[in-house]
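I have placed the structure first, in the form of structure tokens, so that the comments after it can refer back to it.
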Amino acid sequence: MNLRAFATEINALLDAESRSLMEHAHELTPYVSAKTYRTWQAIQEFYQRDTDHAGRLTAILQAIGAPERPRPFSQAVGHYHFITIEKLLALLIEEKTRQVAAYDRAIKHAGNEEAVKTELTGLREDNISELARLQVMLQGLMVGTGGLLDPNHSPDLNNAANVVEARKALEKAKAK
């Protein structure tokens, strides 16, 4: 393993997780409507997951004895205030796609460090899961369901039951 190249990859991942649009989305104010409110709440949940990812990447840097090399936030994030949820989702999908590719590169640079590869693979899988959920949410907004009429994506059983009922009502209305 080339320690310098690997540390560079981990620092890039740390920047991607801690200085991302998702990080900024935690503080921005997009335009939220009744149609997009639940989607916005779901996006907010990703913030906590990415914060955890940053902590785990920092632990990897500490374990290999490499320093953190933080970069400043991009000044372009100011343009994203009062953005629509649909546009925000599209940008988040692009960002998550880049993060998954960065994880792929870091895993290759990990060499024979199996514990590190396992940790990075778990983080990569989390990002793939987030990417898939973001894509479902965007697709749902484009067809009018908000992408959240899937009980598998529901955080609680009561809501899952409501989602099933809402889906039945939607299908019944479409059949008319």
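Taking every heavy atom of both residues into account, A110 and V116 meet most closely at CB-CG1, 4.3 Å. The two residues A54 and L14 come nearest to each other via the heavy atoms O-CD1, 3.4 Å. Between A42 and R133, the shortest heavy-atom distance links the atoms CB-NH2, 3.8 Å. Between K117 and G111, the shortest heavy-atom distance links the atoms NZ-O, 3.0 Å.
Residues Y103 and I128 are not in side-chain contact: their nearest non-hydrogen atoms beyond the backbone lie 4.5 Å or more apart.
The CD atom of Q62 sits 10.5 Å away from atom CD1 of I60, with the distance rounded to the nearest 0.5 Å. The line from CG of D52 to CG of L57 is 9.5 Å long, rounded to the nearest 0.5 Å. To the nearest 0.5 Å, atom CD of residue Q139 and atom CG of residue L89 are 12.0 Å apart. Put simply, CG on L138 and CD1 on I93 are 4.5 Å apart, with the number rounded to the nearest 0.5 Å. In this structure, CG in L120 is found 10.0 Å from CD in E9, a value given to the nearest 0.5 Å. For the atom pair CZ of F46 and OG1 of T51, the computed distance is 13.0 Å after rounding to the nearest 0.5 Å.
Counted by atom type alone, T36 and S33 present one or more donor-acceptor pairs between their side chains at under 3.5 Å.
Judged as a salt bridge (charged side-chain N to carboxylate O under 4.0 Å, His left out), and not counting sequence neighbours, the contacts of D50 are K96.
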### Task
Please step through side chain to side chain contact (heavy atoms under 4.5 Å, CB included) for the pair M137 and L92, ending with a clear verdict.
CA-CA 11 Å; M137 287 188 280; L92 290 171; over 6 Å; no

### Message
Quick one, K108 with D104, criterion salt bridge (Lys or Arg N to Asp or Glu O under 4.0 Å). Give me CA distance, side-chain angles, the key distance, then yes/no.
### Response
CA-CA 6 Å; K108 286 179 185 174; D104 289 340; over 6 Å; no

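The side-chain contact (heavy atoms from CB on, under 4.5 Å) test with Q99 singles out one residue from N127, L123, L131, and that residue is N127.
The hydrophobic cluster containing V100 does not contain L13, counting ILVMFWY residues as joined when their side-chain heavy atoms lie under 4.5 angstrom apart, directly or transitively. Under a hydrophobic clustering in which Ile, Leu, Val, Met, Phe, Trp and Tyr are joined whenever their side-chain heavy atoms come within less than 4.5 Å, directly or via other members, M142 and V32 fall into the same cluster. Residues L91 and I85 fall within the same hydrophobic cluster, defined by Ile, Leu, Val, Met, Phe, Trp and Tyr side chains chained together at heavy-atom separations under 4.5 Å.
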